[in-house]
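Worksheet: the structure to be examined is printed underneath.
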There are 2 protein chains.
Amino acid sequence: MINNYELYKVFYWAAKTGSLTQAAKALYLTQPSVSHAIKQLEESFGITLFYRNSKGVELTQEGAILYSYIEQSQILISMAEEKMAALKNLDSGELRIGGSDSLFKHYLLPYLEDFHQKHRGIKLHLSHGTTPEVITFLKEGRIDLGVVRMPIVDSQLEVKQSFQLQDCFVAGAGYAELKDMVLSMDMLLQYPIILFSRNSRARMTITEIFQSYGHTIKPEIEVGSVDLLIEFARRGLGISYVTREFVSKELEEGSLFEIQLDVPLPPSHVGIMTMRNMPLSGAARSFMDRVR
Amino acid sequence: MINNYELYKVFYWAAKTGSLTQAAKALYLTQPSVSHAIKQLEESFGITLFYRNSKGVELTQEGAILYSYIEQSQILISMAEEKMAALKNLDSGELRIGGSDSLFKHYLLPYLEDFHQKHRGIKLHLSHGTTPEVITFLKEGRIDLGVVRMPIVDSQLEVKQSFQLQDCFVAGAGYAELKDMVLSMDMLLQYPIILFSRNSRARMTITEIFQSYGHTIKPEIEVGSVDLLIEFARRGLGISYVTREFVSKELEEGSLFEIQLDVPLPPSHVGIMTMRNMPLSGAARSFMDRVR
DNA sequence: AGGAGCTATAGACCACATCTATGATCAATA
DNA sequence: TATTGATCATAGATGTGGTCTATAGCTCCT
């Protein structure tokens, strides 16, 4: 019918202000343009929409009916534009992140707090899972970005290297005799080892490292969370393999100390994954910039 | 923000069909035009609205939010256009007519029935009142047209002359002796006269006519409706001054007969009034054409 | 009578919406 | 693995129509 919705905007303002001149001002147009626009509408409907008089214009019966629809329509568009501006400003929206519990707690938490503080209107959705689960979330579009340990090899994903983490062996007061020693792998394996039970990247990595030196690392205890890994070590149940950055508090206060090995343990990196060639939401982009 | 609402129409179809190509077909555009339109929206919002892939496009989170508003907006516009088409076709709308009871009943009724039959969707509003009341209704915009006796002199009104009516004196069986006589005014005034009580144009006219011949007509009985005027005459209570066309049934069946006077009574006309220089609704225009 | 509003009309102009043609990418074929 | 047939993106040309200026016509108010 009408192939130029701009005409409705003009109609809306003309009806709202009761004046073509006022409508023109509101729309940054000239009065003849508005007059012409209204005429086009009237001609294509075959219906007179306004009574014209020397004080301005007034809706006819039929014009009033049209207005009742168009008004709602225009209000929705205004709301849409406001919403888009809010999304752009990060005053609104949502940010969905996937990752492991420990990374959320020990690494992402300050960024999340900071981001939430800056952008109160943005809802945070955190999904925790193992690395493969997080990748699935990402591919299913259930999260905007995933935070996991590198390396990730998946052509569909784009991974940005972020923080460097250093895994290490730590023990508590019960093993104080090891504090100033430099241990070999052989020696270390004499002690009870506590490892993370789930198929985590850290677990796979340490197993491979020991294997490359001809050793097999077999844990005495397997636990299901990083917190337990720390707690068990503190209580002297064995030597835990943890990420140094996650136990910085305990190392400082002395409730744990790091075991020095005679071979280097390679550092690992935290990567932030996104879908390759998929546009990021404003919130996700902003968050990534912040974490870097 | 967006200064071309056409873009929203394009966005709506692109989102709805999930394909720029399909949207282009729906809008009778080419695919590059649609692509360009979406890009404009995205650039002016600074927000990516669609994921593009080889099967088509898919809304992003933010695009989906925009769509929730725009969809409603577009639906309202479609409804508006349908409504306008219905008003134009006279499948919908309303027709508000003002007039006197007697004109509605004895004169307009068949037209109203016919119009209602043809245009079932149009609501009829009938307001009855005296001629000055009807004029007021018209000026207040409460009716679309008024049907009253001519002449009307009012520069704001446009009056189209319609049917001609002839007022006359009628009597019932009780005055059978007058049936084949031609009476003078003097003679007529010997009999009890029944006139309409309200300040109707007919009452004023007949008073003036008698005055112009040097007589004064004073009713024995005054009644408040044309129906009573007829009924009182039938029952022999006197001679009623009525519009001939309103008693055609009684004249035919013989329950009333017309008194012949030796002076002519001037005919009167029914006029259809509208506001001068005010556009008429489609329904009103159509009705007027029908009545002519 | 004059002025200050308002809307309507006429005619000119140039931005921009749309087009055609082509490229790039992907997926499902042969 | 090459091919075909989809998709969307890009570039450049084109001409329509939205917008402008200027002016007229009208009504109301001083």
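As the structure is a prediction and not an experimental result, all values here were calculated from the model. A, B, ... follow the sequence lines: proteins, then strands. Residue 1 opens every chain.
- To the nearest angstrom, P of dT19(D) lies 17 Å from NZ of Lys39(A).
- Among the protein residues, Thr21(B) comes within range of the sugar-phosphate backbone only, with heavy atoms under 4.0 Å from sugar or phosphate atoms but none that close to a base.
- A residue-by-residue look at Asn53(A) and Val10(A) shows that Val10(A) has its nearest nucleotide of DNA chain D further toward the 5' end.
- Listed candidates were dT20(C), dA22(D), dT7(D). Nearest to the side chain of Gln22(B) is dT7(D).
- More than 12 heavy atoms of other residues, nucleotides or ligands sit less than 6.0 Å from atom NZ of Lys139(B).
- Using the six-membered ring where Trp is involved, Phe115(B) and Phe287(B) have ring planes that are perpendicular, over 60° apart on the 30 and 60° scheme.
- Atom CG of Asp289(B) has more than 12 neighbouring heavy atoms from other residues, nucleotides or ligands inside a 6.0 Å radius.
- For the pair Leu138(A)/Val134(A), no side-chain contact is recorded, criterion being any heavy-atom separation below 4.5 Å from C-beta on.
- In this structure, Arg52(A) reaches the dA8(C) phosphate: one of its side-chain N or O atoms is under 4.0 Å from OP1 or OP2.
- The nucleotide whose nearest atom lies closest to any side-chain atom of Gln31(A) is, among dC8(D), dT7(C), dT9(C), dT7(C).
- Each of dC20(D), dT7(C), dT18(C) was ranked by its minimum atom distance to the side chain of His36(B); first place goes to dT18(C).
- OP1 or OP2 of dT7(C) has not a single side-chain nitrogen or oxygen of Ser35(A) nearer than 4.0 Å.
- For dA17(C), the OP1/OP2 oxygens have a side-chain nitrogen or oxygen of Gln40(B) closer than 4.0 Å.
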